[in-house]
Amino acid sequence: MKRLTIILLAVVGLLASVASAAEKSSPFAPGVRTLVLAHNAYPYEGKYADRLDRALSTGLPIVIEQDLVWVNGKSLEIHNEKLATDDSPTLETYFFPKVAPIVEKALKEGNKGNWPLITVFLDIKNDPVEHLEAINKVLDKYDAWLTKAVKTADITKMSPLELKPMMIILEDKQKDIKQEFFYDRVPVGGKIRAFGGPEKFDDNPNKLPRTARAERMAGLLKIDPDTLVTRHADNYHRWFGTDWNFIEPCGAAHKDWSAEAEARLNKFVRRGHSLGYMVGVYGINGWTESENQGWTPEYNFGSKEASAVRLRAIVKAKVDFISTDQYEEAAKVIHSLR
């Protein structure tokens, strides 16, 4: 009997090890792969219509950001309400038709080794219930494309992902209703198909005006990475991202890459991964004015060389998502270090 018990315990241990290894090797497990997060990959102010094509041309898998703003009863792919026009793109008129050939080909081939191929970050800028309902109706049409997980009775019990070529991720901002809509309303045993993160931390606790951006960003460097997020990942909360100003000053205030910044980056990533999250950072760019393609200077380090130094450190730290406007440059660095 004693020998049988030992054998049974050994078998159980082996199965547990296999399950653990399988979970860690999942394409959507923390620290498994570093991906480009293509920032604002949609036509911007009527220009730069090649952004999504540029992003997809860097190779798969990839993360693609789509900003969504609810304006006059429509969900538009724009950065803010002031940019709305009669020709503003939508998920159905622009994004999904563009990626359909890729997803349908992947479903036909059925090779799940690197699924999800396209992780879609829906940056929902305003979220009245009507907007979320409109987005949900669009997702209904593409449900067969989407990675899902079974909802458990206890949110802390994570279901394995049922991988498909596409995955939807969201950012849970302060006091919004995304979790209520995309998770709480799903019945136990039903399928979660949009995944968020812990509530975005307050980067302006002193309520400084927008004109005091430098002071607000400087305050981020005073925050200990170990206090940024405290709750563990769960069945719905699976990723989060942070402003690069949390790591070091960006834009005009930037300095040379330093050992202190690298240590802070590594501590931040370790913290996120130890809690079970995929970790993203935004944003890393390095361009001169002559190279500018409608990008803002807030995250510009001035040259491709300066951004490449940071990109290499990010890959080395096993960050999961790198948000950038220079998709090609980030992809080159990532691919060179694989």
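Owing to the predicted nature of the structure, the values given are computational and were not obtained by experimental measurement.
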Please determine whether a side-chain nitrogen of the Lys or Arg among [X] and [Y] lies less than 4.0 Å from a carboxylate oxygen of the Asp or Glu.
X: D224; Y: K267; result: yes
X: D127; Y: K173; result: no
X: D140; Y: R193; result: yes
X: K175; Y: E199; result: no
X: K178; Y: E171; result: no
X: K148; Y: E162; result: no
X: R51; Y: D325; result: no
X: D123; Y: K125; result: yes

*asked:* Under the criterion side chain to side chain contact (heavy atoms under 4.5 Å, CB included), I'd like the reasoning laid out for T156 against N235: C-alpha separation, chi angles, the key distance, then a yes or no.
replied: CA-CA 6 Å; T156 65; N235 211 18; over 6 Å; no
Hey, does [Y] have a side-chain heavy atom less than 4.5 Å from the side chain of [X]?
X: E298; Y: N285; answer: no
X: L37; Y: T324; answer: no
X: P89; Y: F95; answer: no
X: R33; Y: N114; answer: yes
X: I334; Y: L311; answer: no
X: W257; Y: E262; answer: yes
X: V120; Y: I118; answer: yes
X: L228; Y: T242; answer: yes

_Ring-ring centroid check Y236 F195, cutoff 6.0 Å_ = no
*W239 ring center within less than 6.0 Å of F121 ring center*: yes
Test item: [X] side-chain N/O and [Y] main-chain N/O as donor-acceptor pair under 3.5 Å:
X: Y327; Y: H39; value: yes
X: N126; Y: W70; value: yes
X: D172; Y: P198; value: no

Report all side-chain donor-acceptor pairs from residues 275-283 shorter than 3.5 Å, counting only partners two or more places apart or in another chain.
from, atom 1, to, atom 2, distance (Å)
Y277, OH, R231, O, 2.9
Y277, OH, H232, O, 3.2
Y282, OH, K200, NZ, 3.3

*Show the numbers, then the answer: is there a side chain to side chain contact (heavy atoms under 4.5 Å, CB included) between V36 and E328?*
CA-CA 9 Å; V36 171; E328 299 89 347; over 6 Å; no
*Search all heavy atoms of R264 against all heavy atoms of I223 and return the closest pair with its distance.*
NH2-O, 2.6 Å
In a table with atom names and distances, give each donor-acceptor pair under 3.5 Å that connects a side chain of residues 246-255 to protein atoms at least two apart or in another chain.
from, atom 1, to, atom 2, distance (Å)
E248, OE1, R310, NH2, 3.4
E248, OE2, W244, NE1, 2.9
E248, OE2, R310, NE, 2.5
H254, ND1, G251, O, 2.8
H254, NE2, F301, O, 3.4

*Please answer: with hydrophobic residues joined when any side-chain heavy atoms are less than 4.5 Å apart, are I169 and L91 in the same cluster?*
yes
_Is the terminal nitrogen or CZ of K151 (NZ for Lys, CZ for Arg) located under 6.0 angstrom from the six-membered ring centre of Y183 and within 45° of that ring's axis?_
yes
